[in-house]
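Source: prediction; values computed, not measured.
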Amino acid sequence: MLEELIVQYAAPTLAGLKTGSLFNVPCESERRLENDVKSLNRRLKKKNLRLYLMKVIRGRALLYLVQLQKLKADLSCAKAKRILSERGYRCDRVGMCIERLYEKLNADEDFPHEAGLFLGFPVDDVIGFLENRPCIFAGAWKVYGNCEQALKIFESFRQCTEEMKNSFSDGVPLEELAVAI
């Protein structure tokens, strides 16, 4: 069931179209979910994908699937580094940034909206959201800049998800659906 949910909610990340996906899944047993995450990480390691269990609350778990190389590139941008360092992230290692995001998600604070940087959203759109500007369009994220480009990306995400769901239901294993970056 976890694999099916990953395909449903994180297909663009599996396909290398998107840096990361943050999504909720049912969680009846945290221990079982932790074991499932470890098992999937062993299978997806050679694709440079990593699945993190970020938070468990009231029978739900927040998972983060990430293309590590894409995240490293995304977070190396000067604007992204500035946003993160202003919010208490140490930007010298990707793993440390993911740990800080984990901490912030598990603190009793507002949702850390800089999380868009961990998902591959355009930096200028993350800035627009953080500044609470009116957005032009909302799809996979709120768009504040290049709407035409965003609409093309949203459509590629939709098509990718549909194709991966079909392939998965036809029996293609998750690790074969995943693209190495």
Side-chain angles (χ1 to χ4, degrees), residues 2-25 27 33-34 36-38 40-56 60-77 79-81 83-85 87-106 111-130 138-143 149-150 152-161 163-165 168 174-175 177-181:
L2 179 58
E3 291 182 36
E4 184 177 348
L5 293 170
I6 290 171
V7 170
Q8 180 177 349
Y9 296 118
T13 301
L14 283 172
L17 299 176
K18 189 170 182 273
T19 299
S21 297
L22 197 59
F23 55 99
N24 277 294
V25 299
C27 179
L33 184 58
E34 287 171 348
D36 290 346
V37 166
K38 285 178 187 174
L40 282 169
N41 279 328
R42 282 191 294 275
R43 292 170 45 203
L44 296 172
K45 185 176 183 175
K46 57 185 150 197
K47 302 290 182 149
N48 208 26
L49 278 161
R50 177 82 184 193
L51 182 63
Y52 292 91
L53 175 56
M54 300 300 280
K55 183 175 186 166
V56 176
R60 305 286 300 169
L62 184 64
L63 297 178
Y64 175 50
L65 181 70
V66 61
Q67 289 274 0
L68 291 169
Q69 288 303 109
K70 287 180 80 82
L71 182 61
K72 184 177 181 179
D74 290 355
L75 299 186
S76 69
C77 154
K79 286 181 182 179
K81 284 182 178 181
I83 291 167
L84 293 175
S85 64
R87 287 161 178 77
Y89 291 80
R90 290 192 45 215
C91 298
D92 44 333
R93 288 197 356 240
V94 169
M96 294 173 77
C97 287
I98 295 171
E99 283 180 32
R100 179 67 178 141
L101 179 62
Y102 174 89
E103 291 168 1
K104 291 184 90 170
L105 287 167
N106 284 280
F111 186 84
H113 294 294
E114 68 275 7
L117 297 172
F118 292 82
L119 306 175
F121 298 172
V123 176
D124 290 334
D125 289 343
V126 173
I127 291 170
F129 187 84
L130 291 169
W141 66 85
K142 288 187 177 183
V143 179
Q149 180 184 10
K152 289 178 185 174
I153 293 169
F154 297 163
E155 178 58 18
S156 73
F157 289 179
R158 187 197 64 74
Q159 287 177 359
C160 169
T161 301
E163 290 172 15
M164 281 209 175
K165 285 168 68 177
F168 187 75
L174 192 66
E175 57 268 31
L177 292 173
V179 174
I181 301 287

* **Pairwise salt bridge (Lys or Arg N to Asp or Glu O under 4.0 Å) hits with a residue in residues 91-103, at least two apart** => Arg90-Asp92, Arg100-Glu103

Please report the interatomic distance [atom1]([X]) to [atom2]([Y]), rounded to the nearest 0.5 Å.
| X | Y | atom1 | atom2 | value |
| --- | --- | --- | --- | --- |
| Ile98 | Leu71 | CD1 | CG | 5.0 Å |
| Glu34 | Leu53 | CD | CG | 6.0 Å |
| Leu84 | Phe118 | CG | CZ | 5.0 Å |
| Gln67 | Leu44 | CD | CG | 9.5 Å |
| Leu14 | Phe168 | CG | CZ | 10.0 Å |
| Leu75 | Lys81 | CG | NZ | 9.5 Å |

Please report the shortest heavy-atom distance between [X] and [Y], naming the atom on each side.
| X | Y | answer |
| --- | --- | --- |
| Thr161 | Gln8 | CG2-O, 3.7 Å |
| His113 | Val126 | O-CG1, 4.3 Å |
| Cys91 | Cys97 | CA-SG, 3.8 Å |

Any residue meeting side chain to side chain donor-acceptor pair (under 3.5 Å) with [X], in chain and number order, not counting sequence neighbours:
| X | result |
| --- | --- |
| Arg87 | none |
| Gln159 | Glu155 |
| Glu114 | Tyr89, Lys104 |
| Lys165 | none |

Using residues 15-23 as the side-chain source, report each donor-acceptor pair under 3.5 Å to any protein atom, sequence neighbours left out, with the distance given to one decimal.
{"residue": "Lys18", "atom": "NZ", "partner": "Gly20", "partner atom": "O", "Å": "2.5"}
{"residue": "Thr19", "atom": "OG1", "partner": "Asp74", "partner atom": "OD2", "Å": "2.4"}
{"residue": "Ser21", "atom": "OG", "partner": "Thr13", "partner atom": "OG1", "Å": "2.6"}

* To do: Keeping to residues at least two apart or across chains, list the side chain to side chain donor-acceptor pair (under 3.5 Å) pairs with something in residues 45-55.
  => none

* Please identify each residue that fulfils salt bridge (charged side-chain N to carboxylate O under 4.0 Å, His left out) with Glu4, with sequence neighbours left out. => none

* Structure fact -> Hits for salt bridge (charged side-chain N to carboxylate O under 4.0 Å, His left out) against Glu163, two or more places apart or cross-chain, chain-then-number order -> none

* To do: Could you walk me through whether Ile6 and Leu51 pass side-chain contact (heavy atoms from CB on, under 4.5 Å), step by step?
  => CA-CA 10 Å; Ile6 290 171; Leu51 182 63; 3.9 Å; yes

Who passes side chain to side chain contact (heavy atoms under 4.5 Å, CB included) against [X], sequence neighbours left out?
| X | result |
| --- | --- |
| Gln149 | Asn146, Ile153 |
| Ala150 | Trp141, Val143, Phe154 |
| Val123 | Cys77, Lys79, Ala80, Ile83, Leu117, Ile127 |

* With side-chain contact (heavy atoms from CB on, under 4.5 Å) as the test, would you mind laying out the steps for Leu5 and Leu63 before giving the verdict? => CA-CA 10 Å; Leu5 293 170; Leu63 297 178; over 6 Å; no

